Q: 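Input: one structure, supplied below.
Just so you know, these numbers come straight off a predicted model, no measurement behind them. Every chain is numbered from 1, with letters handed out A, B, ... down the list of sequences.
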Protein chains: 2
Amino acid sequence: MKIEPMDGTHTIDRRVARTRALLQDALIALIPERGYAAITVDDICRRANVGRSTFYTHYADKDALRSATMEVHLRLLSRRRVSDGRETGKRLFEFSLPMFEHADAFRPLHHALLATSGDTIHDELRERIRRTVRTELAEKWIGHDGVPVEFAVQFIAGAFLAVLAWWLAEDAGLPPVQVDDLFQQMAAKGIGP
Amino acid sequence: MKIEPMDGTHTIDRRVARTRALLQDALIALIPERGYAAITVDDICRRANVGRSTFYTHYADKDALRSATMEVHLRLLSRRRVSDGRETGKRLFEFSLPMFEHADAFRPLHHALLATSGDTIHDELRERIRRTVRTELAEKWIGHDGVPVEFAVQFIAGAFLAVLAWWLAEDAGLPPVQVDDLFQQMAAKGIGP
DNA sequence: GCAATTCTGGACATTGTGTCCAGTATGATA
DNA sequence: TATCATACTGGACACAATGTCCAGAATTGC
């Protein structure tokens with residue numbers, strides 16, 4: 001197995017490229033079906049029509065394959081962002097549109113990467129939070145500007161869980177009331193002035 | 001093994017209670033150390049000083065233990081919210097403060113439940129998004145009202161990923177430009193008028 | 001105290017992992 | 001097209017973890 005040049009200058013053996021592509025595609029195809037955790041190396045190989053021992057000459061394990069797959073596509077994404085000529089400037093969150101566009105173009109991949117099936121540990125809690133937010137918004141929120149309620153639900157629930165996780169990881173202690181204040185404030189007014 | 005009454009009316013065998021508590025505590029203690037995925041049933045039992053065969057008389061597998069553990073604590077949370085007498089009214093997101101408070105009171109549990117260690121599938125992407133947001137905010141954002149930059153990073157990154165996942169799951173197609181618009185709008189102005 | 005229930009440790013079949021190898025097929029190069 | 005280097009293959013192996021089962025010991029509820 002030749003070492004792949006970092007700059008992508010010269011091509012690698014066709015067989016290598018073929019095998020890796022088959023394995024990556026197989027993984028992407030399988031994730032929505034059973035969820036990442038339930039997939040075995042053997043599953044991937046059978047789907048890809050690749051010998052199991054071959055798998056291990058390319059990737060150390062299932063996680064390595066996943067990482068490599070992500071790496072390839074996120075690299076594509078960065079390249080696109082640089083080369084598409086939109087001027088980079090003062091507008092906040094310029095990453096978002098290219099990301100949405102890339103996700104749209106590679107739906108199966110991104111769907112696989114973000115599917116709740118990937119890992120069940122957060123899912124129950126997430127769903128619970130979403131339900132709560134949904135209920136509150138339905139009762140007290142006058143949707144405006146054609147923002148779908150469900151969009152707001154996802155936005156708020158996602159932000160909340162991220163903040164909660166961060167706050168718990170940082171032992172440096174804001175008291176609960178204070179984090180909550182920040183959350184309420186940003187949920188209500190956003191990031192702008 | 002007696003069936004536990006749904007209403008919690010009468011108590012169960014002391015041994016059962018003891019064993020279950022030991023197992024749940026062991027799981028919570030182990031998650032921050034190795035991450036949920038890497039923990040084996042045997043690990044849990046050794047930590048809890050409980051025979052492995054005993055484990056299986058209480059829970060079908062590791063996931064069942066996790067679910068039960070969450071269930072117990074989320075039940076506590078709902079009960080608290082109802083009974084703490086804060087009037088429920090027009091304010092949005094009343095769930096958040098009780099949740100922050102409960103998380104603070106049961107730090108190890110919630111830390112364990114939300115730790116990125118749980119499952120690695122999203123983590124690389126999450127971290128990447130956070131980095132991007134962090135960079136953009138550092139360059140273009142005049143933090144205000146004493147909102148820590150890192151708080152904003154977590155808030156925005158969390159919201160973005162949740163929205164992205166939802167949009168990909170819903171095949172009903174908003175075009176990328178439109179989702180992005182919604183995202184930008186809500187990130188900037190929040191949910192209020 | 002006594003019957004009922006739970007805990008225990010060990011054995012077992014099963015599944016998935018990761019390594020290794022000798023033989024075969026295929027691509028790169030000239 | 002010939003030849004050499006490299007990649008693929010399938011099967012065997014040791015190992016780790018899962019989930020089931022059991023008979024005996026320990027604890028509990030009454």
Side-chain angles (χ1 to χ4, degrees), chain A residues 1-5 8-27 29-31 33-69 117-121, chain B residues 1-5 8-27 29-31 33-69 117-121:
Chain A
M1 187 171 78
K2 249 181 265 174
I3 302 294
E4 180 179 2
T9 299
H10 206 262
T11 172
I12 50 180
D13 195 310
R14 234 175 250 165
R15 289 168 292 182
V16 173
R18 190 185 77 103
T19 300
R20 291 187 184 167
L22 284 171
L23 289 173
Q24 297 189 3
D25 290 349
L27 177 62
L30 283 170
I31 289 179
E33 294 178 17
R34 313 191 205 176
Y36 177 74
I39 298 172
T40 72
V41 172
D42 203 58
D43 291 334
I44 300 170
C45 293
R46 255 183 287 126
R47 173 67 63 108
N49 275 315
V50 163
R52 203 167 68 88
S53 53
T54 305
F55 178 98
Y56 287 104
T57 69
H58 291 280
Y59 303 104
D61 54 25
K62 204 176 58 164
D63 281 350
L65 172 60
R66 179 181 53 74
S67 282
T69 307
S117 35
D119 187 355
T120 63
I121 184 138
Chain B
M1 188 171 78
K2 252 180 262 174
I3 301 294
E4 180 178 1
T9 298
H10 205 262
T11 173
I12 49 180
D13 194 311
R14 234 177 251 165
R15 288 167 293 181
V16 173
R18 191 184 77 103
T19 300
R20 291 188 183 168
L22 283 172
L23 289 173
Q24 297 189 3
D25 291 348
L27 177 63
L30 283 170
I31 289 180
E33 294 178 17
R34 313 191 205 176
Y36 177 75
I39 299 172
T40 72
V41 172
D42 203 57
D43 291 334
I44 301 171
C45 293
R46 256 183 286 126
R47 174 67 63 107
N49 276 316
V50 163
R52 204 169 67 89
S53 54
T54 306
F55 179 98
Y56 288 104
T57 69
H58 292 279
Y59 304 104
D61 54 25
K62 206 175 57 163
D63 280 351
L65 172 60
R66 179 181 54 75
S67 282
T69 308
S117 35
D119 188 353
T120 63
I121 184 133

Q: Ignoring hydrogens and angles, answer whether the base of dT28(D) and the side-chain atoms of R15(B) contain a donor-acceptor pair closer than 3.5 Å.
A: no
Q: To the nearest angstrom, how far is H58(B) atom NE2 from dT5(C) atom C1'?
A: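 It is 11 Å, rounded to the nearest whole Å.
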Q: Tell me the interatomic distance from K62(B), atom NZ, to dT18(D), atom P, rounded to whole angstroms.
A: 7 Å
Q: So V41(A) and Y56(A), side chain to side chain contact (heavy atoms under 4.5 Å, CB included) or not? Walk me through it.
A: CA-CA 9 Å; V41(A) 172; Y56(A) 287 104; 3.7 Å; yes
Q: D42(A) CG to dG18(C) C1': how many Å, rounded?
A: 13 Å
Q: Nearest whole angstrom, please: distance from the C1' of dG29(D) to the CG of D13(B).
A: 8 Å
Q: Tell me whether K62(A) contacts the main-chain N or O of Y36(A) through its side chain, where contact means a donor paired with an acceptor under 3.5 Å.
A: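 Between the backbone of Y36(A) and the side chain of K62(A) there is a qualifying donor-acceptor contact (under 3.5 Å).
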Q: How many whole angstroms separate atom CD1 of I12(B) from atom P of dT27(D)?
A: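 In whole Å, dT27(D) P and I12(B) CD1 are 19 Å from each other.
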Q: Measure the shortest side-chain to side-chain distance between Y59(B) and R66(B) over non-hydrogen atoms and say whether it is less than 4.5 angstrom.
A: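 With C-beta onward as the side chain, the pair stays apart.
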Q: If you measure from CG on L22(A) to CD1 on I44(A), what distance do you get to the nearest 0.5 Å?
A: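 L22(A) atom CG to I44(A) atom CD1 measures 12.5 Å (nearest 0.5 Å).
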Q: How close or far is atom P of dT8(C) from atom CZ of R18(B), stated in whole angstroms?
A: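 Result: 7 Å.
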Q: Counting only side-chain nitrogens and oxygens, does S53(B) get under 4.0 Å of the OP1 or OP2 atom of dC22(D)?
A: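 No.
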Q: Let me know, please, whether D61(B) or T19(A) comes out on the 5' side of the other along DNA chain D by nearest nucleotide.
A: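 The residue mapped nearer the 5' terminus is T19(A).
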Q: Write down the distance between CZ (F55(B)) and C1' (dG9(C)), rounded to a whole number of angstrom.
A: 17 Å
Q: Check this for me: does the side-chain of R52(B) come within 3.5 Å of the base of dT8(C) through a donor and an acceptor?
A: no
Q: Categorize N49(A) for me: base, sugar-phosphate, or nothing, with a 4.0 angstrom heavy-atom threshold over every strand shown.
A: sugar-phosphate
Q: Please tabulate, one pair per line, all N/O donor-acceptor pairs under 3.5 Å involving side-chain atoms of residues 47-55 of chain B, not counting sequence neighbours.
A:
from, atom 1, to, atom 2, distance (Å)
R47(B), NH1, E33(B), OE2, 3.4
R47(B), NH2, E33(B), OE1, 3.0
R47(B), NH2, E33(B), OE2, 3.3

Q: Can you identify which nucleotide, out of dT6(D), dT27(D), dT19(C), has its nearest atom closest to the Y56(A) side chain?
A: dT19(C)
Q: Is any side-chain N or O of T54(A) closer than 4.0 Å to OP1 or OP2 of dT9(D)?
A: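 Answer is yes, contact under 4.0 Å.
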Q: Quiz question: going by heavy-atom distance under 3.5 Å, is there a donor-acceptor pair between the base of dT26(C) and the side chain of R14(A)?
A: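 No, the side chain and the base share no sub-3.5 Å donor-acceptor pair.
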Q: Can you measure R46(B) atom CZ to dA16(D) atom C1' for me and round it to whole angstrom units?
A: 12 Å
